[in-house]
Amino acid sequence: MKRAERLIFLVGIAGVIAGTIGIRTAQDISWIKFFDNLHWTFSTASAAILVWIGWRNSKGTEHSPMLFWSAIGLTGYALGQVAWDIQTALSYEKFPTPSDLFYLWIGPGLCLGMFRYIRGLIRREDRIPVLLDINALFIASLTLVLDLYLPKRGDISFLHLAVLVAYPLTLIMAFCIGLVMIPALKLKNTPNLWLFLMSVGVTAWSWMRWNLMALDGKTIDGELLNISFSVAVLFMGRSLARWRPETSSNASWIEACESILRMLPLFSVIIASIAVIVTFFRPDLPALVSKSTIAGSLTVIVLAIVRQMMLLREIESGQKALGESEKRYRLIVSTANEGILVLGPDAETVFANARMADMLQLCADEIIGRPLADFVFRDEMEDHIIRMKRRREGLSEIYERRLLRRDGETVWTQVSATPLFDEEQRFIGSFGMFADITGLKMKENALRQSEEALRLREKMLNESQRVGQVGGWDWNQERDSFWWSDEYCHIHGFDTDMPPQNYEAHLKSYTPESAAQLDAAVKHSMETGEPYELDLELAKPTRATRWIVARCEVKRDENGRICGLRGTVQNITERKLMEMALRSALSYNRILIETSLDPLVTIGPDGKITDVNAATEAATGFGRDDLIGNVFSAYVTDPSAAEAGYQRVYAEGAVRNYPLEIRHRDGRIMPVLYNAAVYRDEGGRVIGVFAAARDISERKKAEDEIRRLNAVLEQRVSERTSALEHKGEELRESQIALMNIVEDLNEKTAELEGANEKLKELDRLKSMFIASMSHELRTPLNSIIGFSSILINEWAGPLTGEQKENLSTILRAGKHLLSLINDVIDVSKIEAGKLDSFDEEFDLFELMSEAVQSLSQEASTKCLKVEVRAVHKLMNCDRRRLLQCMLNLVSNAVKFTETGSVTVSSASREGGMVEISVSDTGIGICEDDQSRLFTPFMRLETNMKSVVPGTGLGLYLTRKLVKDVLKGDILLSSAAGKGSTFTLLIPVNAAGRA
Amino acid sequence: MMKKVLVIEDNPDNLRLITYALSRAGYEVISAGSGEQGVDLALSEHLFFIIMDINLPGIDGIEATRRIRSSKADGSIPIIAVTSYAMSGDREKILGAGCNGYIEKPIDPVTVVDTIHSIIGLEAE
């Protein structure tokens, strides 16, 4: 659709441009007319089609009627143009022409459309003012137009004039409606809107100009004015096709619209005034013109006045209504029982009513400007901040808040808070109503506190009863019913929720004796009104012994008659049991004291006896009653000593083994030792002396005997001691001699140690010497052996037989020298204990073959048969050393055998051992030599000595290697002339050996 | 083209002997008289294998082997040590430093090349 719209618009534009160019280039008037009509026709037709498209698109919206009527108007205009084209073609120029019938549709069509539009959107009460505005503007314009037209009327008929006037008038009317429509409907300020208004205005103005020129009788073909028609109409069509005005929400534009509306009457008056002024400056005008101008102007002024009055009244009534509602609200706010606060966006107080100020004991002015947080308690601050945040988020809430009054007191409030937003939904603060609920809170608190206190008191009563083990009770005689406390139940072993018993039933809670006592006491009290206090024992069907003390007093009614009893019971079981225990303990103590064989007395501070036991009676011969009350010192032989001892006890708290003699009534004396100590009452005060005597008559006798024996013994000891001293002297002398010998020995030991150190050092030097010497010797040997080998192999050229023989002598000698050096090194290493072993896995058979192989050449030169009878056996030990041993043995065998064979064999033996034998059929070794065979540098006396080279180290080294490195053994069986067999016993697995 | 091998040996007699054997076997022999020089050559030349005397002036053969093994991008070049019989216990040190095998002095020129080949051959498996 958009494309069709654009295409049609472009076709219109193309028509206009073609027409314009055609007019400018054509010479002939008929062509000019043709092009004139061409652009007219194209523009009007395009505009009509565009509006119809717009109407189709707007179906169902509020824009539809406006577009429909506009489309009708523009279609008429286009039809008129077609009619005009035909007229021009036919050269028909008489008035009225058919084209005028159609042309005239455009103004009314637009007016009608806009009217319908305004009517559909405007508020009912605004209709008349808008109508007035439109009319005032229209009449003012009409006045001005007539002012211009009438003087040129000439002789044309009235009808003709009316038609000529009708064109611009209807269009001006449309322009006025459009002009009023925009502010009245507060339409959004869009280019399309202005394009529409401008195109209507330009069309109106062009028609007026055109008609004026026609009235002047001027030719108007090919005028630029005509093109302005076409352009204006085309843009009118385009703007209407896109007609979608909306109500603006822009505040400043709305305000501007309001201002324009208010200014419109003035504007109309100005236009009318211009008309009057024009008339005034042209006195030659016909009276009709002046009159009509003045009439028009007056009408405009009247209309403007009416309109202005309406405006004023509107404002006035608006203000009044506003004032009244504000007054009403102010009244509500100021008399409200709730405190009202309005807060700004940052929670600062913007408004506070009198009640609010009252609640906080401040003036409203003192509150305004301060943040609400100033009145919030610290512990609620966090909550306050959260609430303020919720306001910002647009939430309303009702909650409780404590506020800080000026005097520091707390005001409890219930807050109903609502956020406030402006028209553009910006947060501008909040509104809060604070109901004072302090009184309510206080009452609530007081109630809670008194309940708490009551509960506490009851709890304390129960607690104190529990702690004191005191139970309370109350008995009503008339109803024969008990009330008792929890502790009472507890003491009696009742459940606290047990239903109360009557008197008879309750008596059964006690033992029969106690029940009888209680019954008697109760009856006595009920008769006489006297209180009682009884120790009672509870019946014990299930519980242990339990004693209580019951204290009771009588209750009297208002007439003074005895009506019941009340009292307490207390658990005294422990006390009772303790009393009983104490009683039995006392009698037990007395028995112990009386049973004692030692005389015991207690003496008071005055020195008089306060208590004695049976033993004292026996010792003194006086009876208990005689003794108690008399002074203690009267019964001993030395009263002053007794007195002194007695004083000492007081001074020191106790004396031990204080000797005294008790005098018996019949004169016998008993020597005793007194142990005495003060004794104290519970307060720690000394109340007397307790003295226990021990009869020591027998002991005294025994002591005398011991003393005599002691003297004899001492005599003997001194004799014996002098004899021993003599012996000791002798011993000391021999000890000194021994020590001298030991010293000598120590000196010798030190000397020996020094010598030993020197020897060790020498040994080390020897090893070092051998190691470095052998290395140095071997380096030149390397060359001797290497290059002789090269020469013998004829790498450097062919050799003669003699040369070859000489060289092989050099090579053999070199190799021999090397093996000697190697043996020396090995021996020195073994002796220094520095020979390392390196274990690896290998096959025994291969090793033996290798040993035999390396000596096969020597064997074959001597025509010896070498046999290997070995087993394949995986071994794990120092292969190199074993090979060295084998080479030694095999080479020995080959050396010392002239004819026969050398046999090398191996076999497994139990205990993870392997046996390797090297046998020969050589010269053998005689028995005497066999023991010396394995010593170093030992070469046996044989007839072969001169021909067999050797160092005498071979077997020594072999045995060392076998024993120290391979941890095996070497055996020899041989006889002179019968060959030898060397047997090695080697552990298969070196890891297994010790 | 002849394969190039390096012999690091300070004793001129020994050097001549092994060179003799190797040349006969068809190798082009270059030599170095010290450990440092040997390492430089080993790192700059493209070699088939290296014969390394252990007892050298300056850094010894073990250190030289270690340096070659740690700095040469192609660390797989065979290095065969030549040791003295007296130096037992060095065996672990020699193999630990990265030598592929060792030959004991005195060298037998007739068999030495075969021994070297068997060491390299074993290595190639």
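None of these values were measured; they are calculated from a predicted model. Residue numbers start from 1 in every chain, and the chains themselves are labelled A, B, ... in the order their sequence lines are given, proteins ahead of strands.
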_Note, A:Leu889 side chain near A:Leu984 side chain (heavy atom, < 4.5 Å)_ = yes

*Is the closest basic N to carboxylate O distance between A:Asp969 and A:Lys963 below 4.0 Å?*
yes

*Heavy atoms only, distances under 4.5 angstrom: which of A:Gly786, A:Pro780, A:Ser783, A:Ala796 has the most pairs with chain B? Name it, please.*
A:Gly786

*asked:* I need the single residue from B:Ile68, B:Leu41, B:Val7, B:Ile80 that forms a side-chain contact (heavy atoms from CB on, under 4.5 Å) with B:Ile50. Which is it?
replied: B:Ile68

*Residue by residue, which of residues 16-25 of chain B have a heavy atom closer than 4.5 Å to a heavy atom belonging to chain A?*
B:Arg16, B:Leu17, B:Tyr20, B:Ala21, B:Arg24

*Taking side chain as C-beta onward, heavy atoms only, is B:Asn14 less than 4.5 Å from B:Lys105?*
yes

*State, to 0.1 Å, how close B:Gln37 and B:Ser31 come at their nearest heavy-atom pair, and which atoms those are.*
NE2-O, 4.3 Å

_Contacting region of A:Leu781 [heavy-atom separation from chain B under 4.5 Å]_ = neither

_Backbone N/O of B:Ile30 and side chain of B:Lys4: donor-acceptor pair under 3.5 Å_ = no

*Roughly how far, to the nearest 0.5 Å, is CG of B:Leu6 from CZ of B:Phe48?*
14.0 Å

*Counting distance only, does the side-chain N/O of A:Lys862 pair as donor-acceptor with the main-chain N or O of A:Thr897 below 3.5 Å?*
yes

*Flag the pair A:Lys758 and A:Glu761 as a salt bridge only when some basic side-chain nitrogen lies within less than 4.0 angstrom of an acidic carboxylate oxygen.*
no

*How about A:Leu855 and A:Val866: do any of their side-chain heavy atoms sit closer than 4.5 Å?*
no

_Applying a heavy-atom distance below 4.5 Å, give me the residues of residues 797-805 of chain A that approach chain B, sorted by number._
none

_By the definition side-chain contact (heavy atoms from CB on, under 4.5 Å), identify the one residue from B:Ile119, B:Val5, B:Asn100, B:Leu47 that meets it with B:Pro78._
B:Asn100

*Could you tell me which portion of B:Asn11 (side chain, backbone, both or neither) has an atom closer than 4.5 angstrom to a non-hydrogen atom of chain A?*
side chain

